[in-house]
Amino acid sequence: MRDRLRQITEAAVAAAITTGQLAVQDVPPVIIDRPRDKAFGDWSANIAMVLAKQAKKRPLEIAELLAALLAENCDIVAAVEVAPPGFINFRLATPYLTDAVKEIIRLGPEFGKNQAGAGERVQIEFVSANPTGPLHVGHGRWAAVGDALANVMTAAGYKIEREFYVNDFGNQMALFGVSVAARYAQLFGIDEALPEQGYHGAYVTDIAQEIADNEGEKYLKLPAAERHDIFRRHAEEQVIEHIKRVLESFGVVFDIWFSERSLHEAGVIDQVINRLRDSGHVFEQDGAVWLRTTDFGDDKDRVIIRENGQLTYFAADIAYHEDKFERGFDRVINIWGADHHGYVARMKAATSALGYDPDKLEIIIGQLVNLFREGEPLRMSKRTGEMVTFEELLAEVGPDVARYLFLTRSTDSSVDFDIELAKRQSQDNPVYYVQYAHARISSILRRAAERGVALPVAGVADGSLLVEPAELELIKHLLSLRETIEDAALLRAPYRLTKYAEETAAAFHAFYVQCRVITTDEALTQARLTLVQATQIVIKNTLTLIGVSAPERM
RNA sequence: GCCCUCGUAGCUCAGUUGGAUAGAGCGACCGCCUCCUAAGCGGUAGGCCACAGGUUCGAAUCCUGUCGGGGGCACCA
């Protein structure tokens, strides 16, 4: 729709130029937008105002000129109007709208998909929680955002891979192994202290308990180093399995789980550092090896090999991103929590140093989730392990509510999540509002079947019977699914889907109250059933992208 | 101190390459079920778009500064 209008408007501009009515050198891209007020029409273009200066003509004059050209060759538009200070407003033709309803039914699950992404290969890395403990609620948000973004970009014609980077190397992992070992020893009455910086959560004891249950006390005799290593490996395995299971129950499945340790073991980090050294971006100082990230806009240079010879996390991350680009992605998207945003500049700088275009690395910084219960904030401490895990949240509110609420805000703003409010099945809860529309539709279709009313075969019903404002308003909303998917994908803004879902549900509920579907007027019943089916398709497609179920009854 | 981010209705937030009279949900108030699901619909009230300058035909949107909330400034991950 928007594409069509853009094309014909561009054609009108071109025509005006070739006929000499418009003297313009550079034609800026035509932007088709929604008018603020529906009274102005369905779509509008501001191109006349943009061209005014170049063409040395009054905007209104240009608008009149273009409107005249537009009105000639356009069947999808009923009226092209000009409004001061120079807007060109389009009013869609009703026959076009009613025909479009049949098109939605014909396309079904495919309706709304498009090629805005032009087949670009994109990797999205998200969640990437350390395998040293359970997922927290913030991870849940990244899971919802990353997965929905992957869904909507796929629908917009991108080729997407989902990846989880596993930080299974280094101090934290070692400390985790030592912590489990200590708890294990304690289970057998041996007084082994947890390290100062170790992991104190109750889940550490659970893991130790499981090892004790399955394998007894045989590890007690092993030397400490060996024991720590065994426990580290065991604990890591268990935590990753747990993370996978929780994410799967949330409907999020990754294509690739990428191990940091594999980079160390393959020696690729040293290779990448050598490459950077050869290209002159590396220097030594104070006994450490540094990457000169300030050459690429970072605040300060960064250590990649510490004085003690150990690689930093950053070094591994450079090799990891080198690997991503080596795999041939056109674009790489990382979703990070706000607590990592200080890391963005150096990662972009490293990308440049490696010789890749830093704009190919997009980093989405997401604000955190604040948990509440009945308006009271829930304090969370990672250190003591006293916190609501993502798994517990899921158990309380269920995946649909969690996924939906995590996507109701732009990633730039933090989500205040009240557990009691989320559980309450009330109007405070937008997820039910949307699902209810779907359930209502299913109910109408069931009722029609009960009464022996044949469901319309696509294309047969007489669309011209749909003339009520509520009907036409609903149709317009349904048709904008495509633009919504385009915008959500191109702007990396999956939260737009929930907004769209609510608007569509609202348009349906209004229609429902004003227009009875199943009546004695057979032709009208058929036409409205067609519209209802199309609405069901649109709501279901939208909820599917969000990752929320579309219930048949509630 | 420096960097990032946010500041829009009582509350939570939309408003994106600068456009028309500033938008939604919740909350408040007033209405609507003989009827396909009232988990719904309609209406009313509610605004110095944090503040001050600047850019231009036009600024919630872009620039500069100030104030306020959040986050970050490791040879941790």
Side-chain angles (χ1 to χ4, degrees), chain A residues 28-29 31 33-37 39-40 44 46 49-50 52-53 58-59 83-87 89 130 132 167 169-173 175 197 260 285-290 298-300 302-317 337-345 365 367-368 370 408-410 412-416 418 421 424-437 439-448 450-451 453 470 487 490-491 493 495-496 499 502-503 505-506 508-519 525 528-529 532 553-554:
Chain A
I31 295 176
D33 230 330
R34 294 278 186 195
R36 275 226 184 282
D37 192 328
F40 290 118
S44 76
N46 69 347
M49 288 178 284
V50 176
K53 189 168 256 180
R58 295 206 333 278
F87 287 101
N89 293 325
N130 288 349
T132 52
N167 300 123
F169 187 90
N171 283 337
Q172 295 305 314
M173 267 332 285
L175 219 44
Q197 303 294 318
E260 179 188 357
Q285 186 182 304
D286 305 329
V289 178
W290 303 64
D298 195 7
D299 296 346
K300 53 179 84 163
R302 308 291 174 175
V303 170
I304 49 181
I305 304 177
R306 289 187 257 168
E307 204 174 348
N308 65 10
Q310 284 183 346
L311 294 164
T312 60
Y313 175 83
F314 182 45
D317 228 9
D339 52 339
H340 282 69
H341 92 256
Y343 210 76
V344 174
I365 291 298
Q367 297 298 316
L368 304 176
N370 304 310
T408 52
R409 302 276 178 269
S410 103
D412 287 336
S413 74
S414 53
V415 167
D416 286 342
D418 192 306
L421 216 59
R424 207 170 295 152
Q425 304 200 349
S426 72
Q427 61 268 46
D428 301 342
N429 206 330
V431 57
Y432 296 118
Y433 181 80
V434 176
Q435 288 184 318
Y436 183 59
R440 258 187 162 175
I441 289 170
S442 304
S443 172
I444 294 172
L445 297 177
R446 271 197 306 272
R447 177 59 61 98
E450 280 166 25
R451 298 217 181 146
V453 179
D487 292 345
L490 293 172
L491 297 170
Y495 72 91
R496 287 182 175 233
K499 201 170 153 53
E502 283 159 47
E503 285 166 0
F508 170 74
H509 288 309
F511 157 81
Y512 177 89
V513 169
Q514 285 165 51
C515 305
R516 197 173 168 78
V517 176
I518 301 169
T519 62
T525 299
R528 285 184 173 164
L529 279 174
V532 164
R553 46 184 103 225
M554 287 172 72

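On a predicted model such as this, the values are computed, not experimentally measured, just so you know.
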Practice task
Test for a donor-acceptor pair under 3.5 Å between the base of B:rA20 and the side chain of A:Asp33, counting only N and O atoms.
Solution key: no

Give me, pair by pair, the N or O atoms of the protein and of nucleotides 55-60 of chain B that are less than 3.5 Å apart, along with how far apart they are.
residue	atom	partner	partner atom	Å
B:rC57	OP1	A:Lys53	NZ	3.3
B:rA60	N6	A:Arg36	NH2	3.1

Practice task
Give RNA chain B the dot-bracket treatment, 5' to 3': Watson-Crick (N1-N3 with N6-O4 or O6-N4) or G-U (N1-O2, O6-N3) under 3.5 Å, [ ] crossing, | other strand.
Solution key: (((((((..((((.....[...)))).(((((.......))))).....(((((..]....))))))))))))....

Handout entry: Closest to side chain of A:Ala288, choosing from B:rU12, B:rA77, B:rC75
Key = B:rC75

Practice task
Find which nucleotide of RNA chain B each of A:Leu491 and A:Asp299 is nearest to by heavy atoms, and output the residue with the more 5' nucleotide.
Solution key: A:Asp299

Handout entry: Base orientation of B:rC33, syn vs anti, 90° cut from 0
Key = syn

Problem - Which residues share a salt bridge (charged side-chain N to carboxylate O under 4.0 Å, His left out) with A:Asp317, sequence neighbours left out - result: none

Problem - Check: A:Tyr495 side chain, B:rU12 base, donor-acceptor under 3.5 Å - result: no

Exercise for the section: Would you indicate which nucleotide in B:rC13, B:rC3, B:rA77 comes nearest to any side-chain atom of A:His341? Expected result: B:rC3

Handout entry: N or O in side chain of A:Tyr432 less than 4.0 angstrom from B:rG40 OP1/OP2
Key = no

Practice task
Go through the structure and list residues passing side-chain contact (heavy atoms from CB on, under 4.5 Å) with A:Arg451, not counting sequence neighbours.
Solution key: A:Arg447, A:Val453, A:Ile518

Exercise for the section: To the nearest Å, give me how far apart CZ (A:Arg553) and P (B:rG40) are. Expected result: 20 Å

Handout entry: ring pair (Phe, Tyr, Trp, His ring centres under 6.0 Å) involving A:Tyr313 - partner list, sequence neighbours excluded
Key = none

Practice task
Might you point out which heavy atoms bring A:Phe511 and A:Ala470 nearest each other, and give the distance in Å?
Solution key: CA-CB, 3.9 Å

Problem - Under 4.0 angstrom between A:Thr408 side-chain N/O and B:rC13 OP1 or OP2 - result: no

Shorter than 3.5 Å, N or O on both sides, protein versus nucleotides 5-11 of chain B: list them out with atom names.
none

Exercise for the section: Compare side-chain N and O positions of A:Arg528 against OP1 and OP2 of B:rC36 and report whether any pair is under 4.0 Å apart. Expected result: no

Problem - Any A:Tyr343 side-chain nitrogen or oxygen under 4.0 Å from OP1 or OP2 of B:rC3 - result: no

Handout entry: A:His341 side chain to A:Ala338 backbone, donor-acceptor under 3.5 Å
Key = yes

Handout entry: Candidate nucleotides B:rG72, B:rG42, B:rA77, ranked by approach to the side chain of A:Ala510 - the nearest
Key = B:rG42

Practice task
Would you kindly give the CD-to-C1' distance between A:Glu502 and B:rG40, to the nearest whole Å?
Solution key: 15 Å

